[in-house]
Every structure is written in structure tokens, then in C-alpha cells.
Amino acid sequence: MTGFLLPRDSASVTVIVPTFGEAANLPLLIDRLDLLRKAVGLDLTLLLMDDDSRDGTEELVRSLALPWVTLVVRTTNRGLSLAVLDGLRRSTSDIVVVMDADLSHPPEKIPELLTALKDGADVAVGSRFTEGGSTADDWGPLRWLNSRIATLLALPLTTMSDPMSGFFALRRKTLSSGRDFDPIGYKILLEIIVKCRLKYISEVPIHFENRQFGESKLSFNEQLRYFRHLRRLYTFRFGTWSHLAQFLVVGASGLGINLLALTLLLKAGTGERPAVALAIAVSMVWNFALNRRFSFSYARQNSIVRQFLGFVAACFLGALVNYFTTTALWLRLHPSQMAAISGVLAGTAFNFAASRFVVFRIKHVKPGA
Ligand SMILES: Nc1nc2c(ncn2[C@@H]2O[C@H](COP(=O)(O)OP(=O)(O)O)[C@@H](O)[C@H]2O)c(=O)[nH]1
Ligand SMILES: [Mg+2]
């Protein structure tokens, strides 16, 4: 067979495939991998990580009795990413490839991934969106948009065009540079790139086919988990800057809540002064709840009452910092609004520092929490 590109001295390769209810797809996947092995004389083994599908997967693999195919049936710690991590830990080959079972990923592209590794890439990724890549025609606008937004949100972590890909290859020893693998969603590639601090990512264009049989397991809940996963990865990569970004987003939402509460209270006939005071109180509680849940979630096990009182004190002191900064700069800056902006910035900085390092402090911050 022609058309395969292969590195000259080929290394041993384990193809890790997470499966859940893929018995119908496996014969074709195994056939295509076998063809590849024979065509290019690749030392390739297949490691199927099945989460106890009970759909005939076990019987199928047993009946085929192929020495290069291993099935691991997992009954605990289920989940796609955990199954892949488990497979990575079990493999002993020089190179590991991860791909889906549903034939969305063309096995024939594996040699190109290996060539990219040979050329020095830390990780080689089968990419739908790099030049030359494509997806099946019937991807509706919603699925496309969904994928684009997910990619955009990962931009602070990697500029590659398809970080959502589930088809990639890397040297097994590359994984030893990673620590604290803790994926909570589907995106194991992103987890590896961030936690192993991989720099050189090579994208190989692929055509992404629709699955042959069965249905996607990508649920809405899984997509929500992606946001939690992203937040952890941001914190791992950017540390305190990530907490600050979340704090600022929460603060902006608090401003909206303040204005909304004020408008509603005035409409309901509340007097001006009580309305202003109540609106401030509402937004402060709102900010506290969101900061505790998101910006500083690592400290959630500590006393909520003490944290709330501390947060109110930090807000109060922050307001004082704002006031004194603004009045001190009032005559020095023109227009005077510049003084007010400086005051807001100083007050916010104070509030953040007090929240991050005093109110929501813990002895050991778990990375990625
Ligand atoms: N072991 C394991 N594999 C899974 C799980 N969920 C999905 N998979 C496999 O992961 C791959 C991708 O899943 P799929 O449903 O095709 O997701 P999609 O391509 O994003 O729609 C397939 O090979 C699935 O069988 C799981 O919970 N455990
Ligand atoms: Mg799929």
C-alpha cells in the first residue's frame, strides 16, 4: 500500500482507545489498524480501555484472539479521560496514540503523527481545523459554533487550532514531566498540554468523519464540566492572575446586580437612602457568594461565617482606600474623573489582595483547585 509516511527507525506504538458501547465499531477499527500494521510494518499494539460496556465488546475481542489487541475492562473510576489516563499508565511502548473508537479519526493518519513526533514535536495532534483539515458535511451551525466557542475559551492556554481533538500522539516519557493530572471533562489533550507544559505542538490535518454506529456520549453535563476543567487549568497555568480575573468578572456582575436591585427597590417605593444601602448589601452578598464558589473556591471548606465577615470588612476597607485615594488625587489629576478611576483601582486592588490572601487564605493551596 502506498500513501503512508513513516519515520525511518520506527518505535513501538500503543494505540489507546477509550470505549463505551462501541462493539459495533470495533471490527472495522481493528481491521484498519491491522492493515496499517501490515502495510508499514509498524510495531503497533491496541489497548482498548472499556468502561464495562457489556455490549459484546469482551466477547468480540476474545473471539478475535489477536495478540496485538488488549482489552481492559474498567469497573471503577469510569469516564473517558480517566480511562485514557489509565491506558497511558499501563502502556510500556515508546509512543502512545490516543483516538476514538467510532472511526471519526482516520487510523491511516497515525504515521503522519509519528513523523511529526520524529521531527521534534512534543505532541502531534490530528486536527480538524488546521489548513487541510475538515469535518463531515452535516455539521450544523450549532455544533460548529459550540466547537468554536470551546476552542476560543482555551485560547489563553494554547493557540493551536483544535485543542478539543481526541486524536493525538506523544512520546510516553513526555508524560513524566506532567503532574497532578485531574481532568474532569472530555478534554484530555488540553489537560496534558497544560500540565506537561508542552510547547511544540504539531497539527496534522485530518478529515473528521461522523461516527459509523451508535451515538455520541457527549452530554450537556459534559459540556458544563468543560468550564470547570478550564477554570482549573487557568489556575494551574496563571495562579493568582486567574483568581484576579474571576474576581473582576464577579465584581462586574455585582455592579449589574447593584443597579438592578436599586432600580427595583426605587420602583417598589423604597426611599432613596435605604434603597442605596440595600442595593449595596445585595451586591455584596452576591459578590461574596460568587467569589466563594468560583474565584476562591479552594477555601470553601473554611467557615462561611468568618469568611463573610472578613469579606464585608475587606469591602469596607477597600471603599475607604478608594475614598482616600480619590480625594488625595483630586486636585492633582485632570479631569477629576481620573482621580475617581484611580480610587476605584486602588480600592479594588486592596479588596482583591485582602480577599485572596487574608479572607480566603488556606495553608496549602492545592494546585488547580
Ligand atoms: N472508557 C470510556 N470511554 C468513553 C466514555 N465516554 C465516551 N467514551 C469513548 O470516547 C470516545 C469518544 O466518545 P464519543 O461519544 O464519540 O464523543 P464525541 O466524538 O465527542 O461525540 C469513543 O470511543 C467513546 O466510546 C466513558 O465514559 N468511558
Ligand atoms: Mg465520536
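Hydrogens, waters and symmetry mates are skipped; everything else that's a heavy atom, side chains included, is used. These numbers come from a predicted model, not from an experiment. Start at 1 and go down the list; that is how both ligands and their atoms are numbered.
Listed by atom number, the atoms of ligand 1 under 4.0 Å from M49 heavy atoms are 1 (N). Close approach to D51 involves these atoms of ligand 1, each under 4.0 Å from a residue heavy atom: 1 (N), 2 (C), 26 (C), 27 (O), 28 (N). Atoms of ligand 1 found under 4.0 Å from any heavy atom of S216 (numbered from 1 in listed order, with element): 15 (O), 17 (O), 18 (P), 21 (O). Residue contact check: R211 has heavy atoms under 4.0 Å from atoms 14 (P), 15 (O), 16 (O) of ligand 1. Heavy-atom contacts of D102 reach the following atoms of ligand 1: 16 (O), 19 (O) (cutoff under 4.0 Å). Atoms of ligand 1 lying under 4.0 Å from any heavy atom of A83, numbered from 1 in the order shown and given with element: 1 (N).
At least one N/O-N/O distance between E22 and ligand 1 falls below 3.5 Å. Polar contact check, R143 against ligand 1: no nitrogen or oxygen pair lies under 3.5 Å apart. Note: no N/O pair closer than 3.5 Å links D50 and ligand 1 by distance alone. Checked by distance only, ligand 1 and R78 stay at 3.5 Å or farther apart across all their nitrogen or oxygen atoms. Between P18 and ligand 1, a contact under 3.5 Å exists for at least one N or O pair. Considering both main-chain and side-chain atoms, V17 never comes within under 3.5 Å of ligand 1 through any nitrogen or oxygen pair.
A salt bridge links D102 with R211: the closest approach of a Lys/Arg side-chain nitrogen to an acidic carboxylate oxygen falls below 4.0 angstrom. A salt bridge links R225 with E222; the closest basic N to acidic carboxylate O contact falls under 4.0 Å. The pair R232-E191 does not count as a salt bridge, with every side-chain nitrogen at least 4.0 angstrom from each carboxylate oxygen. Between R32 and D34, none of the side-chain N atoms (NZ, or NE/NH1/NH2) sits under 4.0 Å from a carboxylate O, so this pair counts as no salt bridge. With respect to the salt-bridge test (charged N to carboxylate O, under 4.0 angstrom), the residues D86 and R74 qualify.
Looking at atom 20 (O) of ligand 1, its nearest protein heavy atom turns out to be Y186 CE2, 3.9 Å. In terms of protein heavy-atom proximity, atom 26 (C) of ligand 1 is closest to L80 N, 3.5 Å. Shortest contact from atom 19 (O) of ligand 1 to any protein heavy atom: D100 OD2, 3.7 Å. The nearest heavy-atom contact from the protein to atom 15 (O) of ligand 1 is K217 N, 2.6 Å. Scanning all protein heavy atoms for the shortest distance to atom 4 (C) of ligand 1 gives F20 CB, 3.7 Å.
F236 carries K195 over the face of its six-membered ring, with the cationic atom under 6.0 Å from the centre and within 45° of the normal.
Residue G79 places a heavy atom less than 4.0 Å from ligand 1.
Taking 2.8 Å as the threshold, D100 does not count as a candidate ligand of the Mg ion (ligand 2), since none of its N, O or S atoms lies below it.
Distance OG/S134 to NE2/H207: 5.0 Å, rounded to 0.5 Å. Within the model, atoms CZ of R197 and CG of D122 stand 13.5 Å from one another, a figure rounded to the nearest 0.5 Å.
When hydrophobic clusters are built by joining Ile, Leu, Val, Met, Phe, Trp and Tyr residues whose side-chain heavy atoms come closer than 4.5 Å, directly or via intermediates, V321 is not grouped with L345.
A perpendicular orientation is assigned to the rings of Y298 and H243, their planes being inclined by more than 60° (bins at 30° and 60°).
When heavy-atom distances to ligand 1 are checked against a 4.0 Å cut-off, A101 comes that close through both its backbone and its side chain.
I188 is not listed as a side-chain neighbour of F181, based on a closest heavy-atom distance of 4.5 Å or more. Side-chain contact between S355 and F311 is present, with at least one heavy-atom pair separated by less than 4.5 Å.
Per residue D102, closest N, O or S atom to the Mg ion (ligand 2): atom name OD2.
Applying ring pair (Phe, Tyr, Trp, His ring centres under 6.0 Å) to F247 and the options F294, F360, W241, F352 leaves one that passes, F352.
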